[in-house]
Amino acid sequence: MPPMRRKKGISASASARAAKAICPSELSAIHEKDAPTKKRFQTYLAVFVSMLAVRWLLSPVQTNPRSKPNVDSKGQLQMVFDDFLAANLQPLWDRAFNGTQHALEESSRVGHQLKKQNAKVKHPVVIVPGFVTSALELWEGESCMKKNFRQRVWGSASMARTFFADRDCWQKHLQLNPQTGMDPDNIRVRSAQGFEAADNFIATYWVWSKLIENLADVGYDGTSMSMLSYDWRLGYEYLESRDGYFSKLKAAIETHHKTSGEKAVLVSHSMGGTVTYYFLQWVVTDSKHGGGGGGKDWVERHVHSFVNIAGTLLGVPKSIPALLSGELKDIAVLMPQIGDLLEQFFGRRVRKNLWNTWGSLYGMLPKGGDALWGSGADLEETTDSTPAVVWNNGTEGFCTSSSVVDNTTPTDEQATTDEGFTDEELELHIPASKKWSMKQTIDHLVRTGGGYGSRIESIFSFDSKQGWKERRSSANKRKHWHDPVASPLPHAPSLKMYCLYGTGLPTERSYFYQLSCDKVSAKDVDVDQTCIDDTEATCSNGTTASDGNPPESPYYIDVAAKSDVQNITSGVRFSDGDGSVPLLSLGYMCQKFAEPRSKHNPSGIKVFTRERMHDAEISLTDPGRGGPRSGEHVDILGNVGVMEDVVRIATGLDVEEKVDKDIIVSDLKNIVKRLDQHPSGGLKHAV
């Protein structure tokens, strides 16, 4: 059955409504012509109805989203996701998709088509996955998890069963030690290995599988292609100190180069782009300065291309609400069948306490500071400053605690932005009476988040200006390797860099928050580590830590904030992007790298930006995904244009004619121009 194309120019909500509308007469005509198609459609419909049944069965337990689940809720949830899912839904899903049309038909795959044009294996391919899309396995655990030895606690159907059977046990094994950023005592969770680590997330939710299959069409296999998955929870420095990840990545590239005689193509996705950028800094740095000791010309000798797909080069604003109040939509997207349950069973407090232990989220905070994020160039604003967070309610006459200062802030466009924090505000960690700039927001998160304290500052720095001044031999330079504003591309004149990503989707850019007065006291927002380590302890605010977690944050997104003019919906302001990463992060540095005599690209590496406008399709053979022309953050890995680019780069087939040129379909050029012309914006002010 051919996919149905959404009309361009239609709003996201209208597109969603259109996605549900399938003309009965059209279906009837199709079924009359093709009986097998009719049978497949009935199977798909049965799967869909079964999924609705699961949601209906779960609806009685959705009470107060802030309340903790009771024993009955847990029992019902486990019944649904163990017995019902395994016995009813999964077999239907398997019959519908396994061995049928889950993947594109061979004749339709770009790899198969390029094979007919004599595309064949040339450069070895090394894949670096992104955030949350690689599976994690248990290697050591406490008694509640011992039965799951070497089972996946993230990235499989068993993950859902484990989560709903014992949420607290699952959370304890997924969180890291907030003081060290490493493993908690007696717990070891490690990344799965091989292509299976990130080819599919859960069952048929594909991630890398389509691209891998298209590369296989032209001859690639495990001897000419590798996937180097990693524990995406860790701060980047700890990937090496705990797991030796960058040493393994270096060795894999060197081995492929030695056995094939060709330089490798590094293909990354999402946060994997930042991890790869960090690696390119690490590998050329002398080992006595914390690097890989490969020498200045290592990249030139071993890497042909860096293919950066949907890369988070300048970070992602949505890491801010994840750390500030425990809100991040990626996990809900990856688990659509249980999305409605997340708030009830995996509430903000639990999420915040878990995510604040993941150093990787700090590594994804926006880079470049107010010089890049504060001008509003990507929002077509001309104001002197664009806040990252706006506090929408004041405390005077609303909060009664005498310890709470008035934070009433005018929110109209004439409101001014105060500078700095008072000593009292810093001590109490209560939102100041102002709009927060990007720098102020990140300073607050680094100071208060997760119990890390100064340890976060020991592995990450967000002062791009200072980072640019640091010598490569400086002990502090490694804190800036994640930041392309502070760390230029390596010396590799023949290297090519490709920035491939989607655009045309509303993407989180800034936030409107409120203070929940019933959760505010003088110390409520302070993380009292005693309350984390000792469940019998008395917290500094006078409460008892009954579950070993600090009090719930009194901050929450003000979902009532909205403005059609400013693209504000449910307390979130949106800009252009791929649905997860804003266009500013996806494309700005790629354009600056490509400029002649760029000091961020001193050896003149050729850099190409190739955008794909989001053009979603509805296909019953791949339900819930955006189709072969989707520009969405994960779906881009199955975009036919992107897959063709990757296969051509790897095989060397007509690359200069077909790939080595920009495709700009967004407003990126004007954004770069506006930002660079801003009196306090652009790279010139960032460094």
Side-chain angles (χ1 to χ4, degrees), residues 1-3 93-94 96-116 119 121 125-135 155 192 194-222 224-227 229 265-270 272-273 307-311 333-334 336 498 500-502 578-580 610 612 614-651 653 659:
M1 181 176 179
W93 190 274
D94 291 341
F97 298 106
N98 290 353
T100 57
Q101 297 185 32
H102 168 58
L104 291 173
E105 296 291 347
E106 183 179 84
S107 60
S108 302
R109 292 200 300 267
V110 294
H112 183 76
Q113 295 168 5
L114 293 176
K115 181 180 180 180
K116 293 180 179 179
V121 175
V125 173
V126 178
I127 296 172
V128 181
F131 182 62
V132 307
T133 52
S134 298
F195 298 114
E196 294 83 1
D199 55 354
N200 295 286
F201 179 70
I202 294 180
T204 54
Y205 190 97
W206 55 265
V207 182
W208 285 92
S209 61
K210 286 181 179 290
L211 183 54
I212 291 171
E213 187 172 23
N214 278 270
L215 286 165
D217 284 336
V218 297
Y220 280 88
D221 54 33
S224 52
M225 176 171 55
S226 299
M227 177 177 286
S229 58
V265 172
L266 292 179
V267 183
S268 65
H269 174 248
S270 188
V307 183
N308 173 40
I309 304 175
V333 171
L334 287 173
Y498 299 89
L500 314 179
Y501 57 84
D578 68 2
S580 290
R610 294 174 64 80
R612 261 71 185 191
H614 179 66
D615 186 11
E617 298 176 357
I618 304 165
S619 175
L620 293 175
T621 63
D622 197 7
R625 307 306 292 269
R629 294 172 182 80
S630 173
E632 190 273 333
H633 185 65
V634 179
D635 288 352
I636 195 71
L637 290 170
N639 181 286
V640 290
V642 169
M643 290 192 294
E644 179 178 348
D645 284 353
V646 174
V647 175
R648 285 188 181 277
I649 293 167
T651 61
L653 179 66
V659 187

Please test Val125 against Tyr220 for side-chain contact (heavy atoms from CB on, under 4.5 Å), starting from the C-alpha separation and ending with a verdict.
-> CA-CA 9 Å; Val125 173; Tyr220 280 88; 3.8 Å; yes
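- In summary, the side chains of Trp206 and Asp622 do present a donor paired with an acceptor at a separation below 3.5 Å, with no hydrogens or angles considered.
- Ser630 places no side-chain N or O within donor-acceptor distance of the main-chain N or O of Gly627, the cut-off being under 3.5 Å.
- Taking a cutoff of 4.0 Å between a charged side-chain nitrogen and a carboxylate oxygen, Asp635 and Arg612 do not qualify as a salt bridge.
- Between atom CD of residue Glu213 and atom NE2 of residue His112 there is a gap of 11.5 Å, rounded to the nearest 0.5 Å.
- Every residue two or more places apart in sequence or in another chain that forms a side chain to side chain donor-acceptor pair (under 3.5 Å) with Asp578 is listed here: His633.
- None of Ile309, Leu637, Thr651, Asn214 except one satisfies the side-chain contact (heavy atoms from CB on, under 4.5 Å) rule with Val646; the exception is Ile309.
- Nearest approach of Val659 to Arg610, heavy atoms of both residues: O-NH1, 3.2 Å.
- Closest approach of Ala197 and Ala192 over heavy atoms only: CB-O, 3.3 Å.
- The structure places CZ of Phe201 at 13.5 Å from OG of Ser209, a figure rounded to the nearest 0.5 Å.
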Going through the distances and angles, do Asp199 and Val207 end up as a side-chain contact (heavy atoms from CB on, under 4.5 Å)?
-> CA-CA 5 Å; Asp199 55 354; Val207 182; over 6 Å; no
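- Within the 4.5 Å cutoff, side-chain heavy atoms of Ile212 are placed close to those of Phe195.
- Contact record, Leu653 with Ala119: CD2-CB, 3.7 Å, taken as the closest heavy-atom pair.
- Across all their heavy atoms, Gly130 and Ser270 have their closest contact at CA-CB, 4.2 Å.
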May I have the step-by-step check of side-chain contact (heavy atoms from CB on, under 4.5 Å) for Asn639 and Glu644, ending in yes or no?
-> CA-CA 9 Å; Asn639 181 286; Glu644 179 178 348; over 6 Å; no
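- Side chains of Pro129 and His269 form no contact here, defined as non-hydrogen atoms less than 4.5 Å apart.
- Between the CG atom of Asn200 and the NZ atom of Lys210 there is a distance of 9.5 Å, given to the nearest 0.5 Å.
- Expressed to the nearest 0.5 Å, how far CE of Met227 lies from CD1 of Ile127 amounts to 4.5 Å.
- Contact of the Tyr498 side chain with the Asn308 side chain is not registered, since no non-hydrogen atoms from C-beta on lie closer than 4.5 Å.
- Summarising the geometry of Leu215 relative to Ala650, their closest heavy-atom pair is CD2-CB, 4.2 Å, with the distance given to 0.1 Å.
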Could you please spell out the steps behind the side-chain contact (heavy atoms from CB on, under 4.5 Å) verdict for Val634 and Tyr205?
-> CA-CA 10 Å; Val634 179; Tyr205 190 97; 4.3 Å; yes
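- Summarising the geometry, atom CD1 belonging to Ile636 is positioned 12.0 Å from atom OG belonging to Ser580; distances are rounded to the nearest 0.5 Å.
- With respect to the salt-bridge test (charged N to carboxylate O, under 4.0 angstrom), the residues Asp217 and Arg109 qualify.
- Nearest heavy-atom pair, Glu632 versus His614, reported as atom, atom and distance to 0.1 Å: N-ND1, 3.7 Å.
- Between Glu196 atom CD and Ser134 atom OG the span is 12.0 Å, to the nearest 0.5 Å.
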